[in-house]
Amino acid sequence: MSPTPPLDPAVADRLKRTADGLVAAIAQQYDTGEVLMLGWMDDEALRRTLTTGRCTYWSRSRREYWVKGDTSGHVQHVKSVALDCDGDTVLVQVDQVGAACHTGDRTCFDAGRLPFPTEEAHRA
């Protein structure tokens, strides 16, 4: 069996990684624009995501790769992947099956809004 090819060098050269070698990866529902979650990818996780069509992330706490939905069944089918202008964030547009958050919520941003003054207060 031949070794798995690395991430395309043309893509890898554009990435600006953290000191840990990671880039932020935002998962967004492709048809509604709903922001689902933020995960982390290294070159290998991004390569797997691009080649399998399933989101693969790097767990900073467990120090291992995980494919969204392998345990929960809440799969992210990749529709497109884009790199931001700085090269430090990947936007993965997905078709989310079930909950995106480990808590069982549709999105990781269902925990409640932070207090924010109204527009009128900003004008004062």
Whether [X] side chain and [Y] backbone form a donor-acceptor pair below 3.5 Å:
X    : Y    : value
D105 : C108 : no
R54  : V78  : no
K68  : A100 : yes
R47  : D8   : no
Q28  : Q93  : no
T107 : V35  : yes
D42  : E44  : yes
T56  : V67  : no

Going hydrophobic residue to hydrophobic residue with side-chain gaps under 4.5 angstrom, can you get from F109 over to W40?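 Hydrophobic grouping puts F109 with W40.
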Under a 4.0 Å N-O cut-off, is there an ion pair linking R17 with D43?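 Judged by the 4.0 Å cut-off on N to carboxylate O distance, R17 and D43 do form a salt bridge.
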Side-chain H-bond candidate by donor/acceptor type, D95 with Q29, under 3.5 Å: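 Indeed, the side chains of D95 and Q29 share at least one donor-acceptor pair under 3.5 Å.
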Rounded distance [0.5 Å steps], NE2 in H74 versus SG in C101: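 Answer rounded to 0.5 Å: 11.0 Å.
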Give the intermediate values and the outcome of side chain to side chain contact (heavy atoms under 4.5 Å, CB included) for residues L46 and L15. CA-CA 11 Å; L46 180 55; L15 298 177; 4.1 Å; yes
Other residues, nucleotides, ligands: >12 heavy atoms within 6.0 Å of H102 NE2: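 No - once you tally the heavy atoms of other residues, nucleotides and ligands closer than 6.0 Å, there are 12 at most.
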Do you know which of V23, D88, D84, L83 makes side-chain contact (heavy atoms from CB on, under 4.5 Å) with K16?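 It is D88; the other options fail the test.
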Would you check, one step at a time, whether the test side chain to side chain contact (heavy atoms under 4.5 Å, CB included) holds for R106 with E34? CA-CA 10 Å; R106 168 75 181 162; E34 179 182 31; 3.1 Å; yes
